[in-house]
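Note sheet for the following structure.
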Amino acid sequence: MKVIPGSGATAMRFGFALLFGLSVALTAPAGISPAQAQDAAADDENDPLEPMNRYFFELNKFFDTILLKPVATWYDGVVPEPGRDGVRNFLDNLRSPVILANDLLQGEWDRAGTTASRFGINTTVGVLGLFDPAAGWGMPKHSEDFGQTLGVYGTPEGAYLYLPVLGPAPPRDLAGFAVDQFFDPLTYIYWDRAKTVPVTRFVLNGVDQRARSLDTLDQIERTSVDHYATVRNLYRQIRKNEIANGQRDFDDLPDIDNLNFDTNEPNSPDMRL
């Protein structure tokens, strides 16, 4: 094994574009409930490239249908749950340096301590991250990326952009993805075959994420009046929640005069945000 700057970055970008990017594009809404997806408004705000975005969205759906979803379905059916959990834990542990760097950049010292502790515990006691004993010891995992860091410091998202294979990639998040490669130690490691480790890592990541979202994504598509608009708005909601670290912005709550107390109205679905 040699250390060579840059060679891993190319492979990682290739791997992400190949499969993991598609998975993220299609599984971004998977953290919410189908009821929340059904409630997402079809808002055209800040989507000046919508015709092009919709074309690429349908293209990605096509590749998901013929490639990613069948592979993910096979993976979900063949690999037992403990095995899938081990893969997920291992991949999450590999991302710890990126999460730690962004925790520190955001001044989230407690979260940075949690990330560092989780990495140490899970890499050793958890057998290279295959298990997650840190979660049972009061250190739950969280995710950070440089796109979130930019958002914390007030950088606007920019015009919504949906790219082939990569999926939702507004300028702030696209720039964040590029910067995160510099925080990842695997970027600088040259293995015997430069692309083997990064591509394998991201292929596994994409398949696993897609497998964990099979039912949710199917239901979102079935219940959406406009699938593209639903995914777009859920992506924005989830990114906003991630930037806020799950804390509700009370400035976004409706004025008390606008609240509807009509008991004949159906209850609104629970919102995670």
Side-chain angles (χ1 to χ4, degrees), residues 1-28 30 60 63-64 67-76 78-103 115-116 118-124 126-132 134-135 141-148 163 165-169 173-174 176-213:
M1 182 177 70
K2 303 177 183 178
V3 178
I4 297 180
S7 61
T10 301
M12 292 176 73
R13 285 193 293 270
F14 172 78
F16 187 89
L18 176 66
L19 199 58
F20 179 60
L22 177 59
S23 174
V24 171
L26 294 172
T27 62
N60 282 6
F63 283 114
D64 177 68
L67 177 62
L68 186 55
K69 184 177 179 180
V71 172
T73 302
W74 173 86
Y75 172 80
D76 185 61
V78 171
V79 180
E81 185 174 356
R84 298 196 305 272
D85 289 343
V87 169
R88 181 75 266 145
N89 292 334
F90 178 74
L91 294 170
D92 287 345
N93 196 55
L94 282 181
R95 187 169 169 76
S96 296
V98 174
I99 298 172
L100 177 60
N102 284 288
D103 283 335
T115 301
R118 281 182 52 83
F119 183 68
I121 292 170
N122 289 346
T123 302
T124 54
V127 190
L128 299 179
L130 290 174
F131 302 95
D132 188 7
K141 65 182 175 182
H142 65 274
S143 181
E144 293 289 347
D145 57 63
F146 194 71
Q148 291 171 242
L163 298 178
V165 180
L166 193 62
D173 293 342
L174 189 60
F177 166 72
V179 172
D180 280 338
Q181 309 316 307
F182 293 98
F183 299 150
D184 193 333
L186 284 184
T187 298
Y188 306 98
I189 297 177
Y190 179 83
W191 306 84
D192 292 338
R193 295 180 178 272
K195 297 180 181 179
T196 300
V197 172
V199 171
T200 300
R201 171 190 179 184
F202 284 104
V203 167
L204 283 175
N205 209 341
V207 171
D208 180 75
Q209 293 227 18
R210 187 64 177 91
R212 292 173 184 273
S213 308

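Side chains included, hydrogens not; waters and symmetry mates left out as well; all remaining heavy atoms used.
With sequence neighbours left out, the side-chain contact (heavy atoms from CB on, under 4.5 Å) criterion links Asn93 to Ser96, Phe119, Asn122, Thr123. Legend: residues meeting side-chain hydrogen bond (donor to acceptor under 3.5 Å, both in side chains) with Ser143, ordered by chain and number and at least two apart, are absent. Asp76 is linked by a salt bridge (charged side-chain N to carboxylate O under 4.0 Å, His left out) to Arg84, counting only residues two or more places apart in sequence or in another chain.
The distance from atom CG of Leu100 to atom CD of Glu144, rounded to the nearest 0.5 Å, is 11.0 Å. In this structure, Asn89 CG and Lys141 NZ are separated by 6.0 Å, a value rounded to the nearest 0.5 Å. Taking CD1 of Ile99 as the reference point, atom CG of Asp184 lies at 10.5 Å (rounded to 0.5 Å).
Residues Tyr75 and Val87 meet the side-chain proximity criterion, which asks for heavy atoms closer than 4.5 Å. Two residues are said to be in side-chain contact when any heavy atoms from C-beta on lie closer than 4.5 Å; Arg88 and Asn205 meet this criterion. The closest side-chain heavy-atom distance from Val203 to Val71 is not below 4.5 Å. Side-chain contact between Phe177 and Asp173 is absent, with no heavy-atom pair separated by less than 4.5 Å.
Taking every heavy atom of both residues into account, Pro70 and Asp64 meet most closely at CD-O, 3.6 Å. The two residues Gly147 and Asp145 have their closest heavy-atom pair at N-OD1, 2.9 Å. The heavy-atom pair separating Leu166 from Ala169 by the smallest distance is CD2-CB, 3.8 Å. Across all their heavy atoms, Asp132 and Arg118 have their closest contact at OD1-NH1, 3.0 Å.
A donor-acceptor contact shorter than 3.5 Å links the side chain of Asn102 to the backbone of Phe146.
The only option from Val98, Leu91, Asp92 that meets the side chain to side chain contact (heavy atoms under 4.5 Å, CB included) definition with Arg95 turns out to be Val98.
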- Message: Test side-chain contact (heavy atoms from CB on, under 4.5 Å) on Leu68 and Phe63; report intermediate values, then the result.
- Response: CA-CA 7 Å; Leu68 186 55; Phe63 283 114; over 6 Å; no
